[in-house]
There are 2 protein chains.
Amino acid sequence: MKKAAARPPGRPRGFDVDSALDAATQVFWARGYSDASLDDLTAAMAISRPSLYGAFGDKQALYLKCIARYRGWVLGAIGATLADAADPPNALRRMFAEAIALYTAPAPEPRGCLLASASVSEAPLSPESRESVALALASVEAVLADFFHRAGLAPDGAAERARLTATFLYGISGRARLGVNAQILRDDVGRFVALLDWGRRGPAPIDADRDNIA
Amino acid sequence: MKKAAARPPGRPRGFDVDSALDAATQVFWARGYSDASLDDLTAAMAISRPSLYGAFGDKQALYLKCIARYRGWVLGAIGATLADAADPPNALRRMFAEAIALYTAPAPEPRGCLLASASVSEAPLSPESRESVALALASVEAVLADFFHRAGLAPDGAAERARLTATFLYGISGRARLGVNAQILRDDVGRFVALLDWGRRGPAPIDADRDNIA
DNA sequence: CTTTTTTCATACCGATCGATACGAAATCAT
DNA sequence: ATGATTTCGTATCGATCGGTATGAAAAAAG
């Protein structure tokens with residue numbers, strides 16, 4: 001039906017847009033925004049500078065496209081793994097295991113999470129970048145909250161566990177980028193999942209002296 | 001005894017080294033390594049380029065000095081707060097509260113943890129940078145393990161809680177840099193501390209289906 | 001064919017990067 | 001005083017940065 005829309009006039013593009021975006025994502029992921037030069041990007045994407053600008057706009061626009069693409073990919077992967085509601089704790093562990101495998105894959109350096117890196121290197125960028133990353137984080141939390149809710153927790157308790165889990169995942173990502181062994185990360189995940197109390201339908205109990213914080 | 005060693009020959013330095021390092025740390029903290037230009041640094045440090053190079057070496061050496069200085073400062077602060085063993089959960093919460101206050105202080109943007117930022121922006125740097133940051137993370141975990149051990153946990157359990165807590169702190173830092181409200185972060189800390197079981201002297205219990213991960 | 005439209009390759013732009021050469025200024029030693 | 005030594009201000013270096021002008025190449029339309 002809506003196939004390739006025949007072919008538009010003019011010289012056809014000599015590269016695949018999605019593949020080029022994937023290659024650019026790898027560069028940004030490994031080197032961060034500022035350290036990814038246009039030479040690095042065009043070399044990895046195997047296109048010329050004018051092609052890059054014609055297809056994606058400037059460097060920041062390309063970066064935002066990579067972020068959005070990565071966000072969608074991650075959300076899909078997390079959602080798919082957490083869809084199995086038969087054994088919630090095990091589903092959560094599998095989600096973490098997949099994330100750890102992604103974060104520690106040698107490429108050639110451990111990378112952590114692209115969104116975590118983006119949250120640091122967006123310093124010189126526009127507020128759009130921060131909003132894009134914050135949106136991704138909020139989306140992950142939403143997927144997790146839905147998961148915990150389906151696992152039997154009340155909305156409040158589910159939202160709390162979602163934030164805790166997202167925070168922990170963020171920490172796992174950072175330690176992965178620092179080179180922490182994947183097995184250690186998996187062990188930590190096991191302890192974390194074990195510590196979450198899945199039975200309660202409300203918020204977890206709070207110590208009496210909690211108000212001493214402030 | 002070992003006072004200021006009289007005064008060395010030559011023109012005396014016109015600025016305070018520690019103050020300059022503090023100013024440089026602020027710049028690196030806010031902008032990351034690559035985005036902190038020498039103009040930014042010299043402007044914040046109120047010194048000229050040759051003075052910077054004469055006193056600290058090149059940009060990377062200055063960065064490593066800032067990292068080491070920050071690491072020592074953080075370790076001291078964490079150690080001091082966790083020294084109070086009267087009420088371990090409360091001491092841990094105070095430590096987190098201080099960290100959150102540091103991470104979310106407007107300056108003018110929320111900054112998170114310098115070490116977390118460093119773990120991302122050390123891409124173009126030498127392995128020295130990664131080792132310095134990894135050392136800092138290990139030191140934090142060591143301080144936390146000692147704290148949990150003093151709180152009554154067995155060495156294994158203490159080390160596990162230390163890794164979990166360090167990971168969670170890392171995650172808090174990242175969310176802080178993304179602009180998450182400090183009160184939400186404090187609430188999450190409250191839940192996290194409540195979830196840790198302080199009574200047990202051994203490792204936390206693990207679900208039976210743990211081996212399904214691999 | 002010619003015309004039109006889009007992509008692509010080369011070469012280049014001004015700006016900014018990290019780093020330094022040079023000499024004046026400031027202090028100690030004599 | 002003079003010389004030695006170190007710091008500091010200015011001015012600048014070559015390299016690299018992100019971004020672009022120009023024209024050839026490749027397709028559809030006439």
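Chain naming here is simple, since letters A, B, ... match the order of the sequence lines and numbering starts at 1 in each.
Considering Asp87(A), Thr81(A), Leu82(A) in turn, Thr81(A) is the only one that fulfils the side-chain contact (heavy atoms from CB on, under 4.5 Å) rule with Arg94(A).
A salt bridge links Asp188(A) with Arg175(A): at least one charged nitrogen is closer than 4.0 Å to a carboxylate oxygen. Ion pairing between a basic and an acidic side chain is recognised when a charged N comes within 4.0 Å of a carboxylate O; Arg150(B) and Asp146(B) show such pairing. By the 4.0 Å N-to-carboxylate-O rule, Arg191(B) lies close enough to Glu160(A) to be salt-bridged with it.
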Which is it for Arg69(B) and Asp18(B) under the salt bridge (Lys or Arg N to Asp or Glu O under 4.0 Å) test, yes or no, and what are the steps along the way?
CA-CA 9 Å; Arg69(B) 186 177 170 81; Asp18(B) 288 335; 3.3 Å; yes
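Within residues 40-50 of chain B, the residues having any heavy atom closer than 4.0 Å to DNA chain C are, in order of number, Arg49(B), Pro50(B). Contacts between residues 14-25 of chain A and DNA chain C, defined by a heavy-atom separation under 4.0 Å, are made by Gly14(A), Phe15(A).
Taking every nucleotide of DNA chain D with any atom under 4.0 Å from a non-hydrogen atom of chain A, the first and last of them, 5' to 3', are dC17(D) to dA28(D).
Tyr170(B) has its ring centre no less than 6.0 Å from the ring centre of Tyr170(A).
Contact annotation: side chain of Arg11(A) to base of dT7(C), donor-acceptor pair present below 3.5 Å.
For dT7(C), the OP1/OP2 oxygens have a side-chain nitrogen or oxygen of Arg13(A) closer than 4.0 Å.
When side chains are defined from C-beta on, Leu137(A) does not count as touching Leu115(A), because their heavy atoms never get closer than 4.5 Å.
For the pair Lys59(B) and Tyr33(B), the cation-pi criterion (under 6.0 Å, within 45° of the ring axis) is fulfilled.
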